[in-house]
Amino acid sequence: MKDKLIALQEEALQAIKQATRVKDLQDTKVKYLGKKGPMTEVLRGMGKLSAEERPVIGQVANEVRSAIQIAIDEKQESLQAEEMQRKLEQETLDVTLPGMPQQVGHPHPLTLVIEEIEDFFLSMGYTIAEGPEVESDYYNFEALNMPPDHPARDTQDSFYITEEFLLRTQTSPVQPRSMEKQNGKGPLKIICPGKVYRRDTDDATHSHQFMQIEGMVIDRGIQMSDLKGTLERFAKEMFGEERDIRLRPSYFPFTEPSVEVDISCSICQGEGCSVCKKTGWIEILGAGMVHPNVLKMAGFDPEEYSGFAFGMGPDRVAMLRYGIEDIRHFYTNDIRFIQQFNR
Ligand code: DAH
């Protein structure tokens with residue numbers, strides 16, 4: 001029996017020595033020391049031994065068992081160390097290599113200009129209003145004093161979606177939308193920045209999609225001088241204290257009187273250059289006193305209330321501000337263009 005145990009030990013140690021994975025060791029342990037293994041069998045047969053033999057064999061059996069266990073433990077440790085070594089070699093990290101530069105985001109130049117314009121008007125007590133880009137014919141034209149056969153509709157080539165709905169050609173429809181919410185009561189002081197769409201052929205100065213910022217003030221006793229003072233402050237704030245503005249008579253169906261507003265050229269200081277086409281002035285917006293029909297249709301009494309409105313193009317402001325020569329740069333999303341701008 002003693003020989004059998006020694007042979008078993010030899011066999012087990014050999015198997016342990018040859019194991020290449022931790023899993024092999026576990027199998028070996030189950031095979032030799034497990035409940036159904038040969039060791040258990042030997043120990044079970046102890047009952048049949050004589051009283052002198054029993055302690056001797058018992059001791060040998062214990063020695064064999066612990067020799068196998070120790071061999072398994074040692075082998076397991078060395079296999080785990082080997083495995084760790086292999087992993088470390090595969091996953092080496094060279095901390096001396098240069099890092100990957102993080103891409104930093106840049107604000108779009110139109111966002112910069114629009115936020116600056118918003119800040120100015122918010123500081124003057126205006127709130128920001130919004131309206132849908134898919135607009136009804138009523139708000140885009142009719143409520144702005146442009147009935148279906150009005151010739152001014154032709155100046156804004158539209159993308160119609162159905163007979164009744166179109167992509168708004170201007171942010172002006174936010175005027176009647178905002179007025180209606182007032183139930184005929186002032187004051188109302190809003191600006192509305194947003195996208196507008198026109199069926200134009202894209203070139204350096206035209207884009208079928210561009211931005212506008214609408215402004216409107218309604219209250220008792222609002223006069224043309226309020227409009228002029230507001231726009232003068234705005235021009236100086238945006239383009240420098242030395243700037244002047246000039247108002248030229250113009251026509252818009254929703255304002256009467258209507259004006260076009262120019263600022264003195266910030267590039268040549270009014271001397272005349274290619275940007276201002278040698279005139280010393282640059283047109284920046286359209287404006288006027290809100291037409292009584294527009295007030296009436298939106299529920300205001302023109303005998304009691306008056307107001308002014310204006311509409312400007314942030315694309316043009318951004319082009320002037322940053323010396324951008326082609327409006328299409330704003331909408332083609334070339335990352336090299338955007339990356340030049342920072343707050
Ligand atoms: N909506 C006009 C346009 O797109 C711009 C404009 C002119 C807006 C005069 C106004 C205004 O509010 O009073 O050409």
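Remember, it's 1-based here, ligands and their atoms both numbered in the order they're listed. Note that these values count all heavy atoms, side chains included, but never hydrogens, waters or copies made by symmetry.
- Comment: E232 does not engage R246 in a salt bridge, judged by the lack of any side-chain N to carboxylate O separation of less than 4.0 angstrom.
- Residue S172 has at least one heavy-atom neighbour below 4.0 Å for each of these atoms of ligand 1: 1 (N), 8 (C).
- Close contacts between ligand 1 and Q175 involve ligand atoms 12 (O) [criterion: under 4.0 Å to a heavy atom].
- Each of E135, E130, E214 was evaluated against R177; a single residue qualifies, E135, per the salt bridge (Lys or Arg N to Asp or Glu O under 4.0 Å) test.
- Looking from atom 1 (N) of ligand 1 to the surrounding protein, the closest heavy atom is Q170 OE1, 2.7 Å.
- Considering backbone and side-chain atoms alike, F254 places every N or O at 3.5 Å or more from each N or O of ligand 1.
- Grouping the Ile, Leu, Val, Met, Phe, Trp and Tyr side chains by contacts below 4.5 angstrom, directly or via other members, places M211 apart from L166.
- Nearest to atom 14 (O) of ligand 1 by heavy-atom distance, out of M312, R198, E260, M289, is R198.
- For F310, a nitrogen or oxygen atom sits less than 3.5 Å from a nitrogen or oxygen atom of ligand 1, counting backbone and side chain alike.
- Between Y160 and F165, the gap from one ring centroid to the other reaches at least 6.0 Å.
- Counting the atoms of ligand 1 from 1 in the order shown, those under 4.0 Å from a heavy atom of T255 are 13 (O).
- Atoms of ligand 1 found under 4.0 Å from any heavy atom of Q212, numbered from 1 in the order shown, are 3 (C), 4 (O).
- Of the heavy atoms in A287, only backbone atoms (N, CA, C, O) come closer than 4.0 Å to ligand 1.
- Checking side-chain atoms of R65 against main-chain N and O of V60 turns up no donor-acceptor pair under 3.5 Å.
- Residue contact check: G288 has heavy atoms under 4.0 Å from atoms 13 (O) of ligand 1.
- With a 4.0 Å cut-off on non-hydrogen atoms, M216 does not touch ligand 1 at all.
- Among protein heavy atoms, the minimum distance from atom 12 (O) of ligand 1 is reached at E214 OE2, 2.6 Å.
- Shown here are the side chain to side chain contact (heavy atoms under 4.5 Å, CB included) partners of R198, two or more places apart in sequence or in another chain: Q156, T169, Q170, D200, F210, Q212.
- We find that K31 and D27 are not joined by a salt bridge, their nearest charged nitrogen and carboxylate oxygen being 4.0 Å or further apart.
- Here F330 and Y322 keep their ring centres 6.0 angstrom or further from each other.
- Linking ILVMFWY side-chain heavy atoms closer than 4.5 Å, directly or via other members, places Y138 and F159 in two distinct hydrophobic clusters.
- Annotation: atom 5 (C) of ligand 1 to nearest protein heavy atom, G311 CA, 4.2 Å.
- If you number the atoms of ligand 1 from 1 as listed, the ones under 4.0 Å from a heavy atom of A309 come out as 12 (O), 13 (O).
- Not one N or O of T169 is nearer than 3.5 Å to an N or O of ligand 1, by distance alone.
- Using cut-offs of 30° and 60° on the angle between ring planes, the pair F337 and F341 is perpendicular.
- Set against the non-hydrogen atoms of F252, the atoms of ligand 1 under 4.0 Å away are 7 (C), 9 (C).
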